Structures are given as structure tokens and as C-alpha cells.
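All values reported here derive from a predicted model rather than from experimental measurement. By convention in this document, chain letters (A, B, ...) are assigned in the order of the sequence lines, proteins followed by strands, and residues within each chain are numbered from 1.
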Protein chains: 2
Amino acid sequence: MKIYTIRDVAKLAGVSVTTVSRVLNHRPDVNAATREKVERVMAECNFVGNASARSLKQLDGDVAALILRGRSNIFLSQLAEMMLQFAGETGVSFLLETIDEKADEFQTALRLTHEKRARGFIFVGSRLDGRAQVLRGLEAPLVFATVPARELELPRVASVAVDDRRMGRLAMETLIQAGHRRIAVFGGRRDQGDALAERYLGAREACETAGVPFDESRYVETRFSLSDAYGAARAFFPTRGDTTAVFAMSDLVAMGVIRALKDMGKSVPEDVSVFGFDGIEMGKYFLPSLTTIAQPQEEIARKSVEVLLDMMNGGEGRHVTLPAALIRRESVAAPRK
Amino acid sequence: MKIYTIRDVAKLAGVSVTTVSRVLNHRPDVNAATREKVERVMAECNFVGNASARSLKQLDGDVAALILRGRSNIFLSQLAEMMLQFAGETGVSFLLETIDEKADEFQTALRLTHEKRARGFIFVGSRLDGRAQVLRGLEAPLVFATVPARELELPRVASVAVDDRRMGRLAMETLIQAGHRRIAVFGGRRDQGDALAERYLGAREACETAGVPFDESRYVETRFSLSDAYGAARAFFPTRGDTTAVFAMSDLVAMGVIRALKDMGKSVPEDVSVFGFDGIEMGKYFLPSLTTIAQPQEEIARKSVEVLLDMMNGGEGRHVTLPAALIRRESVAAPRK
DNA sequence: TACAGCTATGGAACCGTTTCCGATACCGTT
DNA sequence: AACGGTATCGGAAACGGTTCCATAGCTGTA
């Protein structure tokens with residue numbers, strides 16, 4: 001099966017390559033009869049333009065990249081997928097680059113700038129620890145999705161996220177108001193300037209406001225996977241069995257914790273309440289269903305590409321804060337008397 | 001920030017573009033001193049070659065594509081991710097194309113053949129209904145992952161899957177041996193020549209062998225998502241409340257069904273047993289944990305790219321059958337007396 | 001009739017890289 | 001001294017599109 005080039009089509013249709021190119025790009029300055037003839041030929045030989053050739057010539061061709069670290073976090077993967085979908089409805093083409101745990105987003109972005117001529121980036125669920133200076137190296141517009149990047153005041157940098165601090169506070173408040181006092185927090189590292197650090201600060205604030213001492217020794221650092229969360233919970237509870245509630249910073253972590261509690265003979269929420277974060281679909285079906293903070297996933301996706309596209313057209317960077325919602329379900333209840 | 005081309009580097013290093021290209025491609029015929037000089041210049045200007053230009057010139061450049069339909073099926077998405085990872089360890093570059101529910105894999109493959117010069121394809125979780133003739137149009141090697149494509153005897157077509165029929169039979173046998181007689185099957189359409197049809201046939205065989213009549217009216221067609229499965233179960237049980245077991249053809253479906261049963265006041269496995277399929281990680285943590293058929297996800301991924309690469313090097317197409325494992329957990333028990 | 005203005009089309013340069021084909025210099029042999 | 005062989009390098013032609021610029025034909029108006 002021969003692969004036809006634009007030159008083949010031109011020859012077969014008896015026109016110049018320029019004309020074929022015009023037809024291909026739906027330009028107005030082509031005679032209707034000519035257009036139809038060219039289109040017929042293209043259909044006959046299953047012609048599809050070569051993407052490399054096109055993008056080689058069109059250096060200004062709008063290309064944007066999504067940079068996602070790891071595939072483990074369902075919430076973030078889905079977010080990226082949604083962005084891809086929304087982006088598909090616009091003119092610019094988006095490419096998704098999945099990098100592994102230890103890769104550097106900024107290096108990746110730099111590489112994509114050259115390799116694929118990417119002119120705009122969305123970092124999904126990135127971290128910010130001390131990389132602001134590297135950022136200056138890139139002059140392409142950046143959007144941080146689900147990352148609180150407000151404080152880094154850089155010209156072409158935007159962010160789209162919920163108010164993680166407020167939501168972390170709300171989660172903790174909810175547990176405190178339910179009557180809990182000995183509350184464990186299962187989160188990630190607190191020093192990387194990301195959403196998790198914010199949620200942590202929010203949780204602390206809630207304790208301080210309520211006059212409940214925040215117990216650092218009940219902060220458990222875990223990676224966001226079922227097995228890690230499960231393992232962390234199995235290690236934690238035998239020595240801290242008086243804990244009556246857990247604030248897990250991701251629904252996946254919450255589920256791992258719940259399973260661990262069950263395996264240790266405790267029931268949720270009767271013995272221990274578990275509060276999640278993110279609002280993934282599974283949370284509704286899990287037994288018990290998860291009380292959680294639901295992030296507006298679709299809105300975050302839509303807004304992120306909107307803001308990036310705007311910046312790529314010369315707009316200013318904005319920091320968008322979207323509302324999240326507390327969803328009360330089965331996994332949180334009052335502690336036992 | 002200027003984007004340097006190979007010509008810029010050549011000028012700065014005082015050599016020809018040819019030499020720079022040679023350094024770039026680690027060819028041996030470059031003097032060590034020259035190589036070092038060029039490399040220093042490249043490092044200084046953060047040079048990264050333009051991918052479009054490279055692939056435009058290298059028409060023989062080995063590119064393969066993964067075609068995945070939908071993002072909803074966690075098992076298949078993970079499978080694709082793993083393939084990408086294994087592919088990364090080889091020379092050829094793989095690109096992942098996610099298409100939506102209604103798109104045609106073969107049209108997509110055809111397009112990628114032209115647009116991106118893809119020379120080999122892996123269809124993950126595809127269907128085969130009557131498309132064999134379109135297949136002949138593509139002359140690139142094809143691998144069907146998790147699809148029983150044995151019967152289509154085409155020269156450059158391979159498949160990697162478990163023995164779905166046998167596993168469907170095993171699942172059903174397991175339920176029958178546990179004492180169940182009124183068993184519902186939650187699957188997809190049975191007429192698309194895919195893995196689901198095979199599992200269905202296997203389930204029927206098990207019934208026939210055991211002398212238990214297979215009740216077609218207990219076959220429930222559902223899409224493989226939590227919400228669809230949940231809805232289907234809510235619609236099914238009120239009229240078929242005597243059903244004591246469910247064979248769900250995907251773990252996600254199993255979870256949706258379990259939640260629905262719980263919401264209807266039934267407990268699993270005491271009132272109804274639920275059997276899953278795939279062996280996703282969540283199945284281990286769900287409450288109750290899922291009795292299921294675990295597909296060797298990593299092996300399927302690894303073998304698929306291996307077979308494709310082999311075919312792209314001129315090898316023959318093979319049909320690989322991998323062993324799956326029955327995992328007994330909590331969601332299946334004997335029926336109530 | 002002459003000329004401006006518009007439509008439809010083609011020629012050819014160009015995008016950044018790879019690669020074929022030579023060219024040069026230097027080595028050891030005879 | 002002549003020569004074959006090797007190591008190292010450069011020139012220039014691709015690859016398949018897009019686009020600037022030129023041109024030819026046609027229309028309407030002064």
C-alpha cells in the first residue's frame with residue numbers, strides 16, 4: 001500500500017502542490033471545481049498529510065504539552081485525559097507526556113520545547129520545591145493544575161486549583177465537630193510546596209482554631225497508592241490504637257487505610273472514621289462510601305486549557321481558584337463513647 | 001531563549017552540520033577531540049534536536065503505535081502504560097493514541113500510518129466484529145492485546161491474551177461448585193468477537209458440563225463502568241431476587257454490583273456471591289475483597305511489545321496464550337441454605 | 001481602450017535533520 | 001616513491017509539507 005505524498009496527489013489531480021496544500025488547509029482561494037477534483041483524488045488514495053513535515057515548516061504551529069508525573073494517581077490521570085479532550089475541541093494540538101517519579105518537569109518541558117516545539121505547558125499535580133528559578137528559563141506560558149502556585153509571582157505563570165488550605169481545614173473541622181480529638185493525618189511530604197502541604201496547613205489551622213492540639217506524631221507520610229497506604233496504616237495503628245479518625249489526603253489512601261483497619265478487626269466508621277480527598281468515582285461505591293472533599297475535576301481541566309490557550313494568545317497569567325465540595329457519606333461518624 | 005539548530009551548533013563549534021549530526025547519533029567516525037568540542041557546544045546552548053525534522057527524514061524510523069479505546073477501563077489503561085514503559089527500553093518509539101468509544105481502530109491505524117509513519121500497531125482491548133477485511137488493507141504488523149484473534153488467519157497478525165473461554169468456564173465452575181445454581185452473568189455484548197464473548201461461551205460450557213441450565217434471562221448486558229454496572233444491578237435484582245451469585249466480567253462491574261446489592265439491603269457474600277475478572281489492584285482492598293480471575297497484566301504488556309517488535313523485524317505473527325490465575329478472596333462463598 | 005483590482009493558480013524557497021558521496025590527510029607496505 | 005586503506009570530515013540532496021511571491025485571466029470602470 002503506497003503512501004501518497006502531496007506531490008503524488010498534485011500529479012494525479014493535474015494541479016500544483018500549492019493548490020493541494022490549499023485544499024488541505026481549507027483555504028478560500030481555490031475554485032470549487034478544482035477543490036472537488038483534488039478532494040476526490042485525496043479520498044481515492046487515502047491521503048493523509050505527514051505530521052512531521054507539517055510541523056517542521058510551521059514553527060509557529062501551536063503545540064502545547066501536558067506534563068503528568070506518574071500514572072498511579074487516578075485523579076490526576078483522569079484530569080489529564082479530560083484536558084486532552086477539551087483541547088481536542090480547540091485548534092492547538094496537545095501532547096501528553098508522562099514522566100516518572102524522579103524526572104524533572106522543567107527539564108522535560110525544556111526538552112519538549114526543542115524536540116516538539118511545544119509553546120505552552122500544563123503541569124498536572126506538580127511540585128514546586130525551589131524550582132522557581134529554573135522556571136525563569138522557560139519563557140513559554142505555564143499552567144499549574146491542582147497546584148497552589150499563587151505565591152510565585154512570575155509573568156507567564158498561571159494556576160488552577162481549589163483552595164487546598166481551606167479544604168484541608170474544612171476536612172479537619174468536620175472531624176472535630178463530629179467529636180474526634182485524636183486524629184491521624186495520612187499525607188505526603190510537607191515540604192514541597194504543593195497541594196498536600198497546603199492541606200496540611202489547613203488541617204493545623206482547624207486544630208488551632210478549635211483548641212485541639214495538632215499531634216505531629218500522628219502525621220503519617222505515605223505515597224499515594226493503595227498498597228503504600230495500606231502498609232502505612234498497618235504499621236501505624238498497632239501503636240496508636242486510640243486514634244479515632246483519619247484524614248487521608250487522597251481517596252486512594254483512604255481506601256487503603258480502611259482496608260487495613262478492617263484487617264485489624266476495626267470497623268469504619270464505628271471504630272475509626274476516615275476522611276478522603278479528591279472525590280474519585282470509586283469513593284461512591286466503596287464500602288463504606290467515602291466522606292471526602294470533591295475537587296471539580298472537569299472544571300479544573302476545562303479552566304486549565306482555557307487559561308493556557310489564553311496565555312498562548314498573549315493573555316496574562318491568572319490564578320484561578322475553583323470551589324470544592326464537602327461530600328458527606330458513610331466513612332465518617334461520631335466516635336464511640 | 002533562542003532555540004538552536006544543528007546549523008547553529010555547527011557554526012559555533014567550527015565544524016559542519018554533518019559532523020554535528022554524527023555526534024548526535026553517536027557514530028564512531030568522529031575524532032574524540034571534535035566530538036568533545038561539539039558536545040560542549042551542544043550542552044552550552046541546551047541543544048535538543050527537532051523531532052519533526054528527524055522523523056521527516058528518517059522514513060524508515062521505527063515508530064509503533066498503541067491504540068486504546070476509551071480511558072474508562074483501568075485494566076486496559078494500565079496495560080497500555082506498561083507497554084509504553086517496556087517499549088521505552090527498546091529502540092523504537094511508541095506513541096499512545098486514545099480513541100473514543102465510537103471511533104474505528106483501523107481507520108485510526110491507517111491515519112497514523114500516514115500522519116506519523118507508524119509501522120506497527122498494538123490494539124489493546126479491541127473488538128473484532130467483521131472488520132477482518134479492513135485489516136487486510138493495513139500491511140503493518142498488528143498485535144491484539146487481550147483479544148482472542150486466533151481464528152483470523154492473517155499473515156502479519158498476532159495476539160496476546162489469556163484463554164478467556166477457559167477462564168470464563170473456571171469462574172462459572174467455581175460458583176457452581178460452591179453450590180450456586182441461579183447465577184447471573186454481567187457482561188458486555190456477546191456478538192463482537194472479543195474476550196467477553198469468549199468468557200460468555202466458557203460460562204455456558206461450565207453450565208452444560210455441570211448439568212446446570214444456563215439461564216439466558218439472567219444475562220445482563222452492561223458497559224464496563226461503575227455507574228453502569230450499579231444501575232444494571234439495581235434494575236436487575238428487584239425482579240430476580242432469587243439469584244444467589246453473579247459472575248461479573250470485570251472487577252469494576254463486580255464492585256458496582258456489590259455496592260448495588262448493599263444498597264438493596266443484601267450482603268456479599270452471605271446473600272449473593274460476586275465473582276470478578278481482571279485482577280485489578282483495587283479488588284484486593286475493596287470490601288469485600290474480590291474473588292476474581294487475575295490476568296497477568298505485566299506479562300501481557302511485555303509479550304505484546306515483544307511480539308510486535310519481532311514482527312517489525314520480519315518475524316512471523318504468533319498467537320500467545322498466557323496463563324491466568326483464579327484468586328479466591330471474600331466476595332464468593334456458598335449460598336445460604 | 002487602458003488600467004486597476006480580484007480570483008485562481010503555480011514556482012520555488014524553506015523548515016532542521018539525515019545520509020549519500022566524495023574529498024582530504026595520514027598511515028604503513030612494497 | 002607510489003599506492004591501498006583507514007579515519008575524519010564536508011557538500012549537497014533529499015524528506016513532505018507550507019508559504020511568499022509572481023503571473024495569468026477576467027471583470028468593471030473611467
Participant: Quick one: is B/S16 getting a side-chain N or O under 4.0 Å of the D/dG10 phosphate, OP1 or OP2?
Facilitator: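 True: B/S16 side-chain N/O within range (under 4.0 Å) of D/dG10 OP1/OP2.
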
Participant: Taking any heavy-atom pair under 4.0 Å as a contact, classify A/D29: base, sugar-phosphate, or nothing.
Facilitator: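 Base, at least one base heavy atom under 4.0 Å.
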
Participant: Answer yes or no: side-chain N or O of B/S52 and base N or O of C/dG16 forming a donor-acceptor pair under 3.5 Å.
Facilitator: no

Participant: Minimum heavy-atom separation for A/S159 to A/H319, with atom names?
Facilitator: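 Smallest interatomic distance, heavy atoms only, reads OG-ND1, 2.7 Å.
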
Participant: For A/V20, answer base if it contacts any base atom (sugar-phosphate contacts may also be present), sugar-phosphate if it contacts only those atoms, and nothing otherwise; contact means non-hydrogen atoms under 4.0 Å.
Facilitator: nothing

Participant: Please determine if A/R111 and A/E115 form a salt bridge, counting it only when a charged side-chain N lies under 4.0 Å from a carboxylate O.
Facilitator: yes

Participant: For B/T5 and B/F47, work out which heavy atoms get closest and say how close.
Facilitator: C-CE1, 3.5 Å

Participant: Quick one: is B/N25 getting a side-chain N or O under 4.0 Å of the C/dT18 phosphate, OP1 or OP2?
Facilitator: yes

Participant: Which part of the nucleic acid, if any, lies within contact of A/T19, taking any heavy atom under 4.0 Å across all strands shown: a base, the sugar-phosphate backbone alone, or nothing?
Facilitator: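 Sugar-phosphate: the residue A/T19, judged by heavy atoms under 4.0 Å, touches backbone atoms but no base.
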
Participant: Mind checking if B/F47 touches a base, just sugar-phosphate, or nothing, with heavy atoms under 4.0 Å?
Facilitator: sugar-phosphate

Participant: Are any of the side-chain nitrogens in A/D29 or A/R27 under 4.0 Å away from the carboxylate oxygens of its partner?
Facilitator: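 Looking at A/D29 and A/R27, the cut-off is not met.
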
Participant: Does A/R27 put a side-chain nitrogen or oxygen below 4.0 Å from OP1 or OP2 of D/dT19?
Facilitator: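 Answer is yes, contact under 4.0 Å.
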
Participant: Does the base of C/dG10 carry an N or O that pairs as donor and acceptor with the side chain of A/R22 under 3.5 Å?
Facilitator: yes

Participant: Between the base of D/dG17 and the side chain of A/R7, is there a donor and acceptor pair under 3.5 angstrom?
Facilitator: yes

